[in-house]
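Take this structure, written in structure tokens, and hold onto it; I'll ask about it next.
Order of listing sets the numbers, starting from 1, for every ligand and every atom in it. The residues of the chain are indexed from 1 along the displayed sequence.
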Amino acid sequence: MTDLFSKFDPLIQQREELLSNGVTDPFNLVMEKVESPTVAICNGKRTILLGTYNYMGMTFDPDVVAAGEKALQEFGSGTTGSRVLNGTYAGHKAVEQALKDFYAMDHAMVFSTGYQANLGIISTIAGKEDYIVLDIDSHASIYDGCALGNAQIVPFRHNDIEALEKRLKRIPEGAGKLVVLEGVYSMMGDVAPLKEMIAVSKANGAMVLVDEAHSMGFIGEHGRGVAEAQGVMDDVDFIIGTFSKSVGTVGGFCVSNHPKFEILRLVCRPYVFTASLPPSVVATAATSIRKLMDSADKRAHLWENSKRLHAGLRQLGFTLGTTEPQSAIIAVIMPDLETGAAMWEALLNEGLYVNLARPPATPAGMTLLRCSLCALHSEEQVGEVLTMFAAAGRATGCIN
Ligand SMILES: Cc1ncc(COP(=O)(O)O)c(C=O)c1O
């Protein structure tokens with residue numbers, strides 16, 4: 001018998017080597033208690049959370065929590081069925097209406113996760129004779145959506161407008177084309193030049209899908225994302241998003257103005273062949289989305305936090321993923337995995353949680369300490385974070 005697990009041996013060995021140095025496993029941390037969107041207890045210690053996707057701090061919002069409790073009482077703990085059978089409750093329609101209102105778009109389709117939204121939409125709309133042109137740094141769910149479908153996949157260099165144009169021009173005349181972009185790229189926290197890329201895509205006859213997972217709620221005047229901030233909402237054919245970040249719960253969606261969009265509910269397998277979201281989840285999501293429409297002050301404070309942290313980390317001597325803060329994600333580039341893990345642990349011991357990100361999730365084989373800010377981080381907390389980075393950075397030799 002061939003052990004099917006032998007393919008994992010190099011990874012098992014790398015993990016064992018890392019942990020043999022006595023370092024805490026960075027991928028197995030337990031949040032023993034979560035006190036607020038910005039503070040948890042980890043290893044018995046008060047820990048500032050700087051590695052969540054809770055950008056707008058909605059997880060403990062009293063209205064959001066109350067909506068979930070009410071739905072749990074009134075509709076029970078789960079739907080036990082697909083959206084196309086018994087799994088569409090009033091709450092699923094209500095959250096889809098909230099999304100249509102939030103984006104000012106005609107159609108909204110809710111999936112059980114953002115991962116499934118990409119899987120479902122990409123694999124369903126791009127068929128055998130079609131081409132998907134995508135940024136090489138696209139999220140795993142975009143790649144998996146491509147893998148699930150039958151279209152030809154054409155990657156182009158990250159955020160490179162000319163490379164996108166060249167790829168598009170090489171596609172045979174008359175073929176269906178879908179360009180897949182992200183508003184904010186989650187590893188480095190950088191923003192796509194959507195305006196230029198969408199213009200190039202449209203000039204070459206392609207439809208455009210933008211994943212706005214990390215910009216919803218925060219970027220753009222109404223929090224609709226990078227497409228809104230760059231004034232190109234009307235040229236985007238499909239926006240993919242998630243409830244697991246700014247919305248503060250779990251679920252995914254696609255919004256669109258395409259007149260035939262609703263047919264996807266019958267042909268999109270990751271929508272049809274899975275159970276729908278629990279009533280409590282869609283109720284919390286709908287309440288949160290409606291509150292996000294009216295959150296300009298929180299958006300402004302989150303920008304302040306992002307700028308403050310970016311400037312402070314640069315001043316301390318860390319190398320960052322972007323020269324200017326472009327989103328709520330600030331990536332600190334580590335020289336290697338061992339130093340990254342040591343720095344991650346030193347920060348945790350100081351009382352700070354960040355994400356340790358490593359290949360294959362990261363571009364160019366980089367190890368990153370990803371910091372993601374929350375609109376509810378106070379100015380004092382950002383100050384505390386910088387003090388902890390200074391201490392951990394000096395202790396591990398990352399800075400002088
Ligand atoms: C760009 C992007 N798209 C989609 C997803 C998937 O979202 P979800 O957590 O809802 O599955 C993520 C999650 O990290 C993401 O970063």
Q: Below 4.0 angstrom from a heavy atom of Gly251, which ligand 1 atoms are there? Numbered from 1 as shown, please.
A: 10 (O)
Q) For Arg83 and Val110, what are the C-alpha separation, side-chain angles and deciding distance, and is it a side chain to side chain contact (heavy atoms under 4.5 Å, CB included)? A) CA-CA 9 Å; Arg83 281 297 302 274; Val110 165; 4.1 Å; yes
Q: Measure the distance from atom 9 (O) of ligand 1 to every protein heavy atom, then report the residue, atom name and distance (to 0.1 Å) of the closest one.
A: Ser244 OG, 2.9 Å
(Q) Angle between ring planes, Tyr89 versus His92, binned at 30° and 60°: parallel, tilted or perpendicular? (A) perpendicular
Q) Numbering the atoms of ligand 1 from 1, which are under 4.0 Å from a heavy atom of Ser141? A) 3 (N), 4 (C)
Q: With ring pair (Phe, Tyr, Trp, His ring centres under 6.0 Å) as the test, would you mind laying out the steps for Phe253 and Phe111 before giving the verdict?
A: CA-CA 5 Å; Phe253 63 86; Phe111 291 76; 9.4 Å; no
Q) For atom 11 (O) of ligand 1, what is the nearest protein heavy atom, given as residue, atom name and distance? A) Tyr115 N, 2.8 Å
**Q.** Between His222 and Glu228: side-chain donor-acceptor atoms closer than 3.5 Å
**A.** yes
Q. Is the closest N or O pair between Asp211 and ligand 1 shorter than 3.5 Å?
A. yes
Q.
Polar contacts were defined as any N/O atom of the residue lying under 3.5 Å from an N/O atom of the ligand; does this apply to Tyr53 and ligand 1?
A. no
Please list every donor-acceptor pair under 3.5 Å in which a side-chain atom of residues 331-340 meets a protein atom from a residue at least two apart or in another chain.
{"residue": "Asp336", "atom": "OD1", "partner": "Glu338", "partner atom": "N", "Å": "3.2"}
{"residue": "Asp336", "atom": "OD1", "partner": "Thr339", "partner atom": "N", "Å": "2.7"}
{"residue": "Asp336", "atom": "OD1", "partner": "Thr339", "partner atom": "OG1", "Å": "2.6"}
{"residue": "Asp336", "atom": "OD2", "partner": "Thr339", "partner atom": "OG1", "Å": "3.3"}

Q. Is the closest basic N to carboxylate O distance between Asp235 and Lys202 below 4.0 Å?
A. no
(Q) Using a 4.0 Å heavy-atom cut-off, which part of Lys245 comes near ligand 1: side chain, backbone, both, or neither? (A) side chain
Q: Give the residue and atom name of whichever protein heavy atom lies nearest to atom 16 (O) of ligand 1, and the separation in Å to one decimal.
A: His214 NE2, 2.7 Å
Q | Proximal ligand 1 atoms for Glu182, defined as those under 4.0 Å from one of its heavy atoms | A | 1 (C)
Q) In terms of residue, atom name and distance, what is the protein heavy atom nearest to atom 5 (C) of ligand 1? A) His139 CE1, 3.6 Å
Q: Tell me, with the steps shown, if Thr287 and Ile289 meet side chain to side chain contact (heavy atoms under 4.5 Å, CB included).
A: CA-CA 6 Å; Thr287 307; Ile289 291 163; over 6 Å; no
Q. Any side-chain heavy atom of Leu376 within less than 4.5 Å of one from Ser36?
A. no
Q) Considering only heavy atoms of Thr242, which atoms of ligand 1 have at least one such atom less than 4.0 Å away? A) 7 (O), 8 (P), 10 (O)
(Q) Is there a side chain to side chain contact (heavy atoms under 4.5 Å, CB included) between Ile171 and Val133? Walk through the geometry before answering. (A) CA-CA 10 Å; Ile171 295 173; Val133 186; 3.6 Å; yes
Q: Could you list the atoms of ligand 1 found under 4.0 angstrom from a heavy atom of Asn118?
A: 3 (N), 4 (C)
Q. Could an N or O of ligand 1 be found under 3.5 Å from any N or O of Phe243, whether backbone or side chain?
A. no
